[in-house]
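Keep in mind that what you see is a predicted model, and the values were worked out from it rather than measured. Order of appearance sets the numbers: ligands from 1, and atoms from 1 within every ligand.
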Amino acid sequence: MPAPPPDARSFTATVSAVVACGTDGVLLSVRPPQPLPPLRAARFFMLRREDGASPAIPRPFSLYRQADDELVFLVKVTGRGTRALAACEAGSKLRVIGPLGNGWPDLDGDGGPWVMLAGGIGSAPFFMAIEQALSGLGAAPALAAENLCLLYGASTAGFLYDLERFEELGVRVLVATDDGSRGFRGNVCELLEREWEAGGLPRDVRLLACGPDPMLHAVERLARARELSCWLSLEELMGCGVGICNGCPVPTRPEGPLGAWPNAKCCVEGPVFSTEEISL
Ligand SMILES: Cc1cc2nc3c(=O)[nH]c(=O)nc-3n(C[C@H](O)[C@H](O)[C@H](O)COP(=O)(O)OP(=O)(O)OC[C@H]3O[C@@H](n4cnc5c(N)ncnc54)[C@H](O)[C@@H]3O)c2cc1C
Ligand code: FES
């Protein structure tokens with residue numbers, strides 16, 4: 001039975017800043033009672049306010065950045081829980097459970113370049129992934145910037161959260177919007193196809209993707225059709241985040257490394273899965 005990670009804790013953290021980001025998002029900085037060691041990108045935390053303004057069930061959020069003993073989350077307001085978090089002020093207290101989940105695999109230099117496909121708020125787990133790959137945090141040695149490329153898509157420019165900061169990281173960032181308000185007109189899969197045709201990227205890229213369900217389905221199809229290595233960070237609805245409620249099933253591939261059991265738990269076996277393991 002998969003269990004939550006051994007470093008997961010429940011603690012009270014203090015909000016230090018809430019800064020508007022994009023059309024409907026905020027950067028929420030919180031200070032835990034003790035600094036946390038460097039955490040792998042794409043791990044997540046369950047968050048809720050302690051003053052009763054949040055729903056009783058905490059909500060999951062990828063760790064966006066970790067700096068100066070603070071944890072920063074990029075939160076898109078979609079409903080009651082995210083609205084309550086976005087309405088926090090400096091000094092607000094949050095109940096935090098984490099770090100949870102597995103995070104991205106080591107971004108090694110033993111294959112084709114890594115192409116990160118981000119859809120809207122799905123960019124959240126990529127900021128630290130790029131920072132860590134360039135600095136060599138984790139088991140893999142530092143990667144040169146040319147081994148990384150971020151394809152950042154959204155329906156419209158206002159949902160390209162914190163784009164300027166991504167562009168300052170020093171890797172190639174290509175932008176796509178459905179309405180053409182910024183960058184390539186179309187989605188990130190179409191942008192990747194265009195890059196292949198133009199010779200801007202080799203064919204043997206390795207894919208990491210996070211974004212809305214239709215985008216992840218399209219990325220999975222593309223990866224299978226091209227026989228590419230691919231990892232997806234899933235944003236399933238979650239109840240507990242620690243493997244108890246069975247609220248986050250993900251269909252597994254019977255012939256894949258997770259075995260014949262029909263579902264994995266996104267919270268404890270993910271949120272990152274390779275397309276060898278699951279089939280959306
Ligand atoms: C591992 C993980 C990491 C995540 N990281 C982030 C992040 O970094 N930033 C961020 O803004 N959000 C992230 N999410 C999604 C976030 O948890 C949801 O947006 C949040 O739970 C919505 O809560 P709410 O109370 O505001 O909305 P609700 O009232 O619960 O829902 C509002 C609407 O959004 C839909 N909805 C809620 N959750 C999801 C979801 N996960 N996927 C698709 N539709 C959903 C509901 O069905 C409903 O229609 C992540 C989710 C997971 C599982
Ligand atoms: S969210 Fe409860 S088991 Fe995954």
With a distance cut-off below 6.0 Å to the six-membered ring centre and an angular limit of 45° from the axis, does K76 pair with Y161 as a cation-pi contact?
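No, K76 and Y161 do not form such a contact.
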Checking contacts now, so for [atom], which I'm interested in, is there any protein heavy atom under 4.0 Å?
atom                    : result
atom 31 (O) of ligand 1 : no
atom 35 (C) of ligand 1 : no
atom 48 (C) of ligand 1 : no

Checking a contact table here: which protein heavy atom is nearest [atom], and how many Å away?
atom                    : result
atom 3 (C) of ligand 1  : S62 OG, 3.4 Å
atom 22 (C) of ligand 1 : T78 OG1, 3.4 Å
atom 17 (O) of ligand 1 : P60 O, 2.6 Å
atom 27 (O) of ligand 1 : G79 CA, 3.4 Å
atom 4 (Fe) of ligand 2 : C248 SG, 2.2 Å
atom 7 (C) of ligand 1  : L74 O, 3.5 Å
atom 3 (S) of ligand 2  : N246 N, 3.2 Å
atom 26 (O) of ligand 1 : T82 OG1, 2.4 Å
atom 45 (C) of ligand 1 : L237 CD2, 3.8 Å
atom 41 (N) of ligand 1 : E235 O, 2.7 Å

State the atoms of ligand 2, each with its element, that fall below the 4.0 Å cut-off from a heavy-atom position in M238.
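Matching atoms, with element in brackets: 1 (S).
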Residue C267 vicinity, atoms of ligand 2 by number, heavy atom under 4.0 Å
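Counting from 1, the qualifying ligand atoms are 1 (S), 3 (S), 4 (Fe).
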Option nearest atom 1 (C) of ligand 1 (shortest heavy-atom distance, choices F45, F44, F73):
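The nearest heavy atom belongs to F44.
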Return the option from R59, R43, M46, R83 holding the heavy atom at the smallest distance from atom 28 (P) of ligand 1.
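That would be R59.
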To the nearest 10 degrees, could you say what angle atom 2 (Fe) of ligand 2 makes with SG of C245 and SG of C240?
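My answer is 110°, to the nearest 10°.
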Check the side chains of [Y] and [X] for a donor-acceptor pair under 3.5 angstrom, ignoring hydrogens and angles.
X    : Y    : value
T177 : R185 : no
T82  : R59  : no
S29  : S16  : no
T252 : E277 : no
D178 : S155 : no

Does C266 bring an N, O or S atom to under 2.8 Å of atom 4 (Fe) of ligand 2?
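Under 2.8 Å: C266 has no N, O or S contact with atom 4 (Fe) of ligand 2.
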Show me which atoms of ligand 1 lie under 4.0 Å from any heavy atom of [X].
X    : result
F61  : 4 (C), 5 (N), 6 (C), 7 (C), 9 (N), 10 (C), 11 (O), 12 (N), 13 (C)
V75  : 11 (O)
A124 : 8 (O)

Locate the shortest heavy-atom distance separating [X] from [Y]; write the atom from each residue and the value.
X    : Y    : answer
S123 : L74  : OG-CD2, 4.0 Å
S54  : A84  : OG-CB, 3.9 Å
A145 : L134 : CA-CD2, 3.8 Å

Taking the six-membered ring for Trp, are W231 and W114 closer than 6.0 Å centroid to centroid?
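They qualify: ring centres under 6.0 Å apart.
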Assert yes or no for the condition that the ring centre distance of Y64 to F73 is strictly below 6.0 Å.
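So the answer is no for these two rings.
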Please work out whether the ring planes of F45 and F11 are parallel, tilted or perpendicular, with thresholds of 30° and 60°.
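Because their plane-to-plane angle is over 60°, the rings of F45 and F11 count as perpendicular.
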Does CD in E227 sit with more than 12 non-hydrogen atoms of other residues, nucleotides or ligands closer than 6.0 Å?
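Count not over threshold, so no.
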List the steps, then state whether salt bridge (Lys or Arg N to Asp or Glu O under 4.0 Å) holds for D7 with R40.
CA-CA 12 Å; D7 57 348; R40 183 178 284 265; over 6 Å; no
Taking a cutoff of less than 4.0 Å between a non-hydrogen atom of the residue and any ligand atom, is G239 in contact with ligand 2?
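A heavy atom of G239 does come that close to ligand 2.
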Where does K76 meet ligand 1, judged by heavy-atom distances below 4.0 Å: at the side chain, the backbone, both, or neither?
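Both backbone and side chain of K76 come within 4.0 Å of ligand 1.
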Contact check: G81 vs ligand 1, nitrogen or oxygen atoms, below 3.5 angstrom
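Looking only at distances, the answer is yes, because the N/O contact criterion of under 3.5 Å is met.
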